[in-house]
Number of protein chains: 2
Amino acid sequence: MKNASITTIADKVFENLCSAIVKGEIPAGSKISEPELSIRLKVSRASLREAIGRLEACRLVTRKANIGARVVTLSQQQLIEIYQVREALEGMAARLAAQNCTEEEVKKLQRLVEHHTQEANTIDGASYFQKTGDQDFHFHIVQSSHNQHLINLLCHDLYHLMQMYRYQYGRASHRAVAATEEHRYVMNAITDGDGEMAELLMRNHIRKSRLNIEQLLESQAQTQVQA
Amino acid sequence: MKNASITTIADKVFENLCSAIVKGEIPAGSKISEPELSIRLKVSRASLREAIGRLEACRLVTRKANIGARVVTLSQQQLIEIYQVREALEGMAARLAAQNCTEEEVKKLQRLVEHHTQEANTIDGASYFQKTGDQDFHFHIVQSSHNQHLINLLCHDLYHLMQMYRYQYGRASHRAVAATEEHRYVMNAITDGDGEMAELLMRNHIRKSRLNIEQLLESQAQTQVQA
DNA sequence: TCAACACTATCTGTCGACAATATTGTTTTA
DNA sequence: TAAAACAATATTGTCGACAGATAGTGTTGA
């Protein structure tokens, strides 16, 4: 069920590098040397280059002709940009989900929110559950939009970058309970088939996440100045 | 000024194929044979495959392992999906442009709208000017958002697909004057720095384009049934 | 006649080698 | 000594060839 389409060497290398970059094992901003990596991974440069091309497609690396590939550098600015894009796209996804999703999808969404609510309330250090739970929720709504372009953009292209920021910026969310509450509002709007409201609430939810992170980064910057 | 970064063979091949696909010279849905194309274009399969990879990244072709690449098939459904994505993204772009754009960008936007208004009013069969004028307008606003992710998504990834639909679906727009009018509204909101309003108006504008096209396709389908 | 299988041909995936470009280090010159 | 020109080195881009997979064809058997 999981990743049934990993057949070629290039696929495996891509998965490898993608994971390594997201987790920071290959540092942000570092150069990707084709000869070195092809030796270390024991694959030809052709397969490696294919994989690097796909990394470029989902913006985990940038390439320049005759110079090479570099892992993207994470910046506060870029993180904010991603949240702005997410606000727009996932807002639309929520609207379309409210209009198009099936009975089963609604039920699954309700189960998800129920599940996460319990976790957020019972478990104290709910960071892990909160993270994946949050991802599940957003992922499921995007899928329920039934707009394949939206799904590709959010679940394939932007997904890895978002994960990368989560891994490396950490994000100790104090918003677990509040976020779960907001999820419930979005869920209700989708259940009611109210696209307009679903979009509004989803955008509100993501905007608050962004503002929370901006604030967090702000305070971190001040702490660093003090230290 | 134009395409200063076409240096490698793969770049040229990509530009070639991209243009050919957009214009329909390589028919939608047709298979892309690597041996055949590499001979016809007189390049190695490595360069060709690099180019095909980039075509896949901007969704002009789809690839399956061990089977090959196919030009995307244009469907009414997909066109609608693209417009929904555009509505979300360009709406956000307009909002950000209103907040972030420079004095020069505002002035250029005003010149653009002024120019297009004259064309739309004076020239009768304004389809050509309307098309490129429309593109210029939207392109400029996206650039003015100063959100690099947004710019990449709209001006690189989605751009070619949109062009492909314009070429092959034709679109005899009866909305030239109305659209130009809507452009003016958006421009005013951006000039005022009213992000909320700019987003609203831009979304409205794109939504109307979508509805217009849906209606057009509807009537075409009926005509075909009658014939 | 049709279905299943084997075989062939063709295509994609992968590899190692060569060519072109960029980077580094050294020498030369003002 | 500093800067420019050059040489050496390493890296990326490109190529042709081989390996593995797929699809089509023909054959065989019920």
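Every chain is numbered from 1, with letters handed out A, B, ... down the list of sequences.
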Side-chain donor-acceptor pair under 3.5 Å between A:H149 and B:Q78, yes or no? yes

Between P of D:dG13 and NZ of A:K64, the distance in whole Å: 13 Å

What is the distance, to the nearest angstrom, from the CD1 atom on B:I39 to the C1' atom on D:dG16? 13 Å

Map B:A69 and A:V43 onto DNA chain C by nearest heavy atom, then report which one ends up closer to the 5' terminus. B:A69

Using a cut-off of less than 4.0 Å, is there contact between a side-chain N or O of A:S44 and OP1 or OP2 of C:dC15? yes

Report, as yes or no, whether the 6.0 Å neighbourhood of atom NZ on B:K107 holds more than 12 heavy atoms from other residues, nucleotides or ligands. no

Taking CZ from A:R49 and P from C:dC15, how many angstroms apart are they, rounded to a whole number? 14 Å

D:dT12 C1' sits how many Å from B:E50 CD, rounded? 11 Å

Nearest-angstrom distance from the residue atom CD of A:E34 to C1' of C:dT14: 15 Å

Could you tell me the separation between the CG atom of A:L48 and the P atom of D:dT11, rounded to a whole number of Å? 13 Å

Any base atoms under 4.0 Å from B:K31, or only sugar-phosphate, or nothing? Heavy atoms, all strands. sugar-phosphate

Under 4.0 angstrom, heavy atoms only, what part of the nucleic acid is B:I32 near: base, sugar-phosphate, or nothing? sugar-phosphate

Determine the interplanar angle of the B:H138 and B:H183 rings, folded into 0 to 90°, and report it as parallel if under 30°, tilted if 30 to 60°, perpendicular if over 60°. perpendicular

How far apart are the closest heavy atoms of B:V142 and B:L150, and which atoms are they? CG1-O, 4.1 Å

Does a donor on one side chain sit under 3.5 Å from an acceptor on the other, for A:H116 and A:D134? no

Reckon B:S47 has a side-chain N or O less than 4.0 Å from the OP1 or OP2 of D:dC15? yes

Measure CZ/B:R70 against C1'/D:dA23 and give the value in whole Å, please. 13 Å

Which whole-number value in Å describes the distance from B:K12 NZ to C:dA20 P? 13 Å

For the residue pair B:Y83 and B:S209, what are the closest heavy atoms and their distance? CE2-CB, 3.7 Å

Between the protein and nucleotides 18-22 of chain D, which nitrogen or oxygen pairs are less than 3.5 angstrom apart?
none

Closest heavy-atom pair, A:E81 versus B:H146, reported as atoms and distance to 0.1 Å, is OE2-O, 3.6 Å

